[in-house]
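To start, the structure under review is shown below, and the notes come after it.
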Amino acid sequence: MKAKIDEVINYFKTKILSKEFEISKISQHTMEITIDGIYNFTIWIGNITYPETVKLYESNFNFIHINLTATQSKKLFRLIRKDVEDYRNNVTIPQKMAEFNRLKKELNIN
């Protein structure tokens, strides 16, 4: 049984590290992906300035738990970096700027 489980883990790890997945959703701290149109995983991207922390997010349900080495985490980071940066530039930063401007107005700060 262990050999079969290891085979399944290696299958999904290979898919993840080859970016053979669809991005379902990106948020400030996580990226949700789908492999083979069925299997969902959540990747922790909250500390993107430290590529070795990019990993499967343990606090969310993942189809199967997959441990990544620091080297594999860095590789995954390189694969998803543009998607994360695009999200931050197009969504997170504008949201934070709108909130900042709202607070400045509320506090009557020029």
Side-chain angles (χ1 to χ4, degrees):
M1 183 57 88
K2 181 173 177 2
K4 283 290 185 191
I5 292 170
D6 288 343
E7 182 181 335
V8 170
I9 288 171
N10 286 330
Y11 173 82
F12 286 108
K13 186 183 282 191
T14 299
K15 290 278 192 168
I16 290 168
L17 295 175
S18 300
K19 200 176 180 186
E20 293 181 41
F21 55 78
E22 298 294 322
I23 298 172
S24 310
K25 179 182 173 186
I26 300 177
S27 70
Q28 187 172 351
H29 298 103
T30 61
M31 173 186 283
E32 295 176 17
I33 63 170
T34 304
I35 296 176
D36 297 340
I38 301 172
Y39 306 102
N40 300 310
F41 296 89
T42 303
I43 300 171
W44 174 255
I45 59 171
N47 298 333
I48 206 72
T49 54
Y50 301 100
E52 63 277 2
T53 66
V54 173
K55 62 181 181 177
L56 291 182
Y57 188 41
E58 297 158 357
S59 296
N60 273 17
F61 173 78
N62 289 305
F63 169 70
I64 194 166
H65 184 69
I66 300 171
N67 288 319
L68 298 177
T69 65
T71 300
Q72 291 168 333
S73 291
K74 289 175 185 177
K75 178 178 181 176
L76 178 56
F77 166 76
R78 287 190 304 272
L79 293 172
I80 64 173
R81 181 180 190 163
K82 183 176 178 348
D83 298 300
V84 173
E85 287 175 349
D86 287 349
Y87 176 81
R88 291 203 170 154
N89 291 333
N90 297 321
V91 178
T92 303
I93 291 173
Q95 286 175 344
K96 288 187 183 287
M97 288 303 297
E99 178 69 5
F100 175 70
N101 290 328
R102 185 190 66 74
L103 290 171
K104 278 182 21 180
K105 185 177 179 182
E106 183 179 307
L107 296 170
N108 200 22
I109 299 173
N110 294 325

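Side-chain atoms are counted along with the backbone in the values below, which use heavy atoms only and exclude waters and symmetry mates.
The two residues Leu68 and Ser73 make their nearest non-hydrogen contact at CB-OG, 3.7 Å. Residues Ile45 and Ser27 come closest through the heavy atom pair CD1-O, 3.6 Å. Closest approach of Phe21 and Ile35 over heavy atoms only: CB-CG1, 3.8 Å.
In this structure, the side chain of Lys13 engages the main chain of Asn67 through a donor-acceptor pair within 3.5 Å. Between the side chain of Thr42 and the backbone N or O of Glu32 there is no donor-acceptor pair closer than 3.5 Å.
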Yes or no on side-chain contact (heavy atoms from CB on, under 4.5 Å) for Leu56 and Trp44, after CA distance, side-chain angles and deciding distance? CA-CA 6 Å; Leu56 291 182; Trp44 174 255; over 6 Å; no

Glu85 vs Arg88, salt bridge (charged side-chain N to carboxylate O under 4.0 Å, His left out): CA-CA, chis, key distance, verdict: CA-CA 5 Å; Glu85 287 175 349; Arg88 291 203 170 154; over 6 Å; no

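Atoms NZ and OG1, from Lys55 and Thr53 in turn, are 7.5 Å apart once rounded to the nearest 0.5 Å. Interatomic distance, Thr71 OG1 to Glu52 CD, rounded to the nearest 0.5 Å: 10.0 Å. The CD1 atom of Ile9 sits 13.5 Å away from atom NZ of Lys4, with the distance rounded to the nearest 0.5 Å. Taken to the nearest 0.5 Å, the CD atom of Glu106 stands 11.0 Å off from the CG atom of Asn108.
One hydrophobic cluster, built from ILVMFWY side chains closer than 4.5 Å, holds both Tyr39 and Ile66. The cluster map of Ile, Leu, Val, Met, Phe, Trp and Tyr, joined by side-chain heavy atoms under 4.5 Å apart, puts Ile23 and Leu76 in the same cluster. Put simply, Tyr57 and Val54 are part of two different groups of oily side chains (I, L, V, M, F, W, Y) that touch within less than 4.5 Å, one to the next. Cluster annotation: Met31 is not connected to Tyr50 through the hydrophobic network of ILVMFWY side chains, with a link wherever side-chain heavy atoms come within less than 4.5 Å. Grouping the Ile, Leu, Val, Met, Phe, Trp and Tyr side chains by contacts below 4.5 angstrom, directly or via other members, places Ile64 with Ile16.
Residue Met97 shares its hydrophobic cluster (ILVMFWY side chains chained together at separations under 4.5 Å) with Ile93, Phe100.
Contact check for Lys19 versus Asp83: side-chain heavy atoms found under the 4.5 Å cut-off. Using a 4.5 Å heavy-atom threshold, the side chains of Gln28 and Lys96 count as touching. Side-chain contact between Phe41 and Phe12 is present, with at least one heavy-atom pair separated by less than 4.5 Å.
In terms of the ring-ring contact (aromatic ring centres under 6.0 Å, His included) criterion, Tyr11 has no residue partners (sequence neighbours excluded).
Glu22 CD: 12 or fewer foreign heavy atoms inside a 6.0 Å radius.
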